[in-house]
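Computed from heavy atoms alone, side chains included, the values below leave out hydrogens, waters and symmetry copies.
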Amino acid sequence: MVQLVAMNEAQFQQFLDCSIPVYAQEKVRAGAWKEEEALRLSQAAFDRLLPDGLSTKNSYLYMVHEPEKGLNIGHIWLVLSQEGQETSAFLYEILIYDAYQGQGYGKQTMAALDRSARELGAASIGLHVFGHNQRALSLYQKSGYAITDYNMKKSL
């Protein structure tokens with residue numbers, strides 16, 4: 001069973017080095033950003049959302065650790081917020097590295113995420129999934145997430 005382990009500074013830098021360009025590519029693929037500006041916009045988004053790096057208030061950055069193999073197989077970025085009397089969590093990013101996909105780690109990671117969010121006091125977890133990422137959408141639905149709304153776009 002996978003475990004969520006708090007990132008250290010070196011792992012945080014690796015997370016940024018991986019996540020910023022991937023997020024830029026996803027936004028381009030979704031049609032939200034132009035390729036020539038995507039990397040800059042992605043960097044700006046991460047700077048805004050994580051102004052104090054690992055110490056950013058209410059942000060929890062974890063390595064997904066597989067203890068039997070002694071390997072980090074992915075990462076998670078979770079943010080807590082207060083909505084009235086209820087604490088909610090939002091999953092900004094989850095990634096199981098390519099070499100470990102298709103081995104059941106996604107389901108295990110989603111279960112570990114639920115446990116962690118509950119321990120942090122969250123009553124719910126929200127997330128965003130790009131429309132073209134059907135694999136992730138399927139995992140989330142199998143993990144009990146329901147679609148709450150759709151954003152749509154038509155290119156002219």
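- Atom CE in Met63 sits 13.0 Å away from atom CD in Gln3 (nearest 0.5 Å).
- His128 has its side chain out of reach of Tyr92: every pair of non-hydrogen atoms, C-beta onward, lies at least 4.5 Å apart.
- With hydrogens and angles disregarded, no donor-acceptor distance shorter than 3.5 Å links the side chain of Ser42 to the backbone of Ala38.
- Proximity of Tyr105 to Val2: side-chain heavy atoms (C-beta onward) are separated by under 4.5 Å at one or more points.
- Between Leu120 and Leu78 there is a side-chain heavy-atom pair separated by less than 4.5 Å.
- The side-chain hydrogen bond (donor to acceptor under 3.5 Å, both in side chains) contacts involving residues 93-103 comprise Ser19-Glu93, His75-Glu93, His75-Tyr97, Gln101-Arg135, where partners must be two or more places apart or lie in separate chains.
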>> Using the rule given for side-chain contact (heavy atoms from CB on, under 4.5 Å), can you reason through Arg40 versus Glu37, listing the C-alpha separation, both sets of side-chain angles and the distance that settles it, and then say yes or no?
In response: CA-CA 6 Å; Arg40 178 185 57 78; Glu37 65 183 1; 3.9 Å; yes

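- Between the NZ atom of Lys107 and the CD1 atom of Ile96 there is a distance of 13.0 Å, given to the nearest 0.5 Å.
- Side-chain contact check for Gln11 versus Val5: every heavy-atom pair is 4.5 Å or farther apart.
- Residue Leu39 holds its CG atom at 9.0 Å from CD of Gln25, rounded to the nearest 0.5 Å.
- Closest heavy-atom contact between Tyr23 and Ala45: CE2-CB, 4.4 Å.
- Leu61 places a side-chain heavy atom less than 4.5 Å from the side chain of Leu50.
- In summary, the aromatic rings of Phe46 and Trp77 are positioned with their centroids under 6.0 Å apart.
- With hydrogens and angles disregarded, a donor-acceptor distance shorter than 3.5 Å links the side chain of Asn8 to the backbone of Ala10.
- A donor-acceptor distance shorter than 3.5 angstrom exists from the side chain of Glu66 to the backbone of Lys69, with no hydrogens or angles considered.
- Contact of the Ser81 side chain with the Thr87 side chain is not registered, since no non-hydrogen atoms from C-beta on lie closer than 4.5 Å.
- A donor-acceptor pair is defined here as one N or O able to donate and one able to accept, closer than 3.5 Å; such a pair exists between the side chain of Thr56 and the backbone of Asp52.
- Looking at Tyr60 and Ser116, their side chains never bring a donor and an acceptor atom within 3.5 Å of each other.
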>> One pair to check against side-chain contact (heavy atoms from CB on, under 4.5 Å): Val64 and Asn72. What are the steps and the verdict?
In response: CA-CA 6 Å; Val64 179; Asn72 292 324; over 6 Å; no

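- Here the OG atom belonging to Ser59 is positioned 7.5 Å from the CG atom belonging to Leu49, to the nearest 0.5 angstrom.
- When side chains are defined from C-beta on, His65 does not count as touching Leu71, because their heavy atoms never get closer than 4.5 Å.
- Taking the side chain as every heavy atom from C-beta outward, Met7 and Phe15 approach each other to under 4.5 Å.
- Met1 and Ile94 are assigned to two separate hydrophobic clusters, defined by single-linkage of ILVMFWY side chains at heavy-atom distances under 4.5 Å.
- Checked by atom type and distance alone, the side chain of Ser88 never pairs as donor or acceptor with a backbone atom of Ile125 at under 3.5 Å.
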